[in-house]
Amino acid sequence: MLYGWLADHMENVMIDGISSNRCPICIAPPDQFGELSNASYATRPHPTYAAAFHHSDIHILNSHGVKNINNPLWHIPIEPHEIVRPDILHVLLLGMLVHLMKWVQEFLDHVGRLTIFHHIWSRLLPFPGFSRLNKAYRYVSQWQGKEMRNLCCVLLAAFAAALS
């Protein structure tokens with residue numbers, strides 16, 4: 001029996017055994033990422049990768065950004081990307097929040113209120129469903145689930161207070 005799984009880009013890269021700057025679904029060149037293009041790229045030729053691995057043809061694997069491993073996904077009768085399902089949390093929520101947090105910080109810096117925002121942020125008190133923050137907003141380098149949940153609870157209030 002075969003099941004789909006939820007994975008973000010880095011998890012898909014690891015599962016597919018490809019370089020992190022490559023698409024796990026198609027053979028689009030890495031320099032085309034982030035641009036809306038009318039070009040259509042073929043899906044990854046997994047049987048070709050299996051044959052290249054079997055014949056120790058590292059050149060083919062390297063040219064496609066594929067690691068020199070015998071990936072079990074190459075041997076199933078379905079395209080791996082058809083069973084992987086996007087992880088809404090990682091793809092949308094975290095991506096949007098990271099973008100929003102960057103915008104908030106740049107905006108507050110532009111209007112000269114960033115120091116006040118950091119002051120408010122570092123002095124928030126705990127309440128049910130919200131844990132006291134251990135670090136100032138600008139010092140959080142990697143946002144975990146707990147920090148993201150806390151951010152969602154108080155970002156708008158802290159932002160508005162810093163502007164008032």
Side-chain angles (χ1 to χ4, degrees), residues 2-44 46 64-67 69 71-73 76 78-164:
L2 189 62
Y3 290 94
W5 60 87
L6 297 177
D8 64 9
H9 176 72
M10 291 310 296
E11 290 166 340
N12 279 323
V13 162
M14 183 190 67
I15 291 167
D16 290 332
I18 60 172
S19 301
S20 62
N21 65 340
R22 300 294 181 120
C23 176
I25 298 171
C26 70
I27 57 173
D31 63 349
Q32 297 293 314
F33 291 173
E35 301 295 325
L36 184 58
S37 171
N38 292 331
S40 177
Y41 298 100
T43 58
R44 289 194 163 273
H46 297 288
H64 284 261
V66 178
K67 295 179 181 172
I69 58 169
N71 192 324
L73 294 178
I76 59 175
I78 188 171
E79 292 291 329
H81 70 271
E82 292 178 1
I83 52 178
V84 175
R85 298 294 171 242
D87 183 352
I88 301 286
L89 170 68
H90 288 95
V91 175
L92 296 178
L93 181 61
L94 296 182
M96 288 172 40
L97 283 174
V98 167
H99 179 73
L100 176 66
M101 293 180 320
K102 181 180 177 204
W103 180 87
V104 163
Q105 193 158 352
E106 288 175 359
F107 178 79
L108 289 171
D109 187 40
H110 177 73
V111 297
R113 307 295 283 184
L114 187 58
T115 303
I116 295 167
F117 178 80
H118 288 306
H119 179 76
I120 293 167
W121 182 265
S122 62
R123 287 173 178 57
L124 292 170
L125 299 173
F127 59 86
F130 176 78
S131 302
R132 190 166 196 306
L133 304 162
N134 296 331
K135 295 181 180 180
Y137 179 86
R138 65 178 161 220
Y139 296 124
V140 179
S141 59
Q142 185 171 2
W143 293 82
Q144 302 296 323
K146 179 180 174 183
E147 288 92 4
M148 291 301 267
R149 184 177 60 248
N150 286 338
L151 170 74
C152 291
C153 290
V154 298
L155 181 63
L156 182 60
F159 181 70
L163 292 177
S164 63

With a 3.5 Å cut-off and sequence neighbours excluded, list the donor-acceptor pairs that the side chains of residues 96-113 form with protein atoms.
{"unit_1": "Arg113", "atom_1": "NE", "unit_2": "Ala162", "atom_2": "O", "d": "2.7"}
{"unit_1": "Arg113", "atom_1": "NH2", "unit_2": "Ala162", "atom_2": "O", "d": "2.9"}
{"unit_1": "Arg113", "atom_1": "NH2", "unit_2": "Ser164", "atom_2": "O", "d": "2.8"}

Is any side-chain heavy atom of Arg22 closer than 4.5 Å to a side-chain heavy atom of Val13?
no
Looking at [atom1] of [X] and [atom2] of [Y], how far apart are the two atoms once the value is rounded to the nearest 0.5 Å?
| X | Y | atom1 | atom2 | answer |
| --- | --- | --- | --- | --- |
| Ile18 | Ile25 | CD1 | CD1 | 9.5 Å |
| His119 | Leu124 | NE2 | CG | 10.5 Å |
| Phe117 | Leu155 | CZ | CG | 5.5 Å |

Between Pro24 and Asn12, which heavy-atom pair has the shortest distance, and what is it?
CG-CB, 3.9 Å
Full working for side-chain contact (heavy atoms from CB on, under 4.5 Å) between Arg44 and Asp16:
CA-CA 10 Å; Arg44 289 194 163 273; Asp16 290 332; 5.9 Å; no
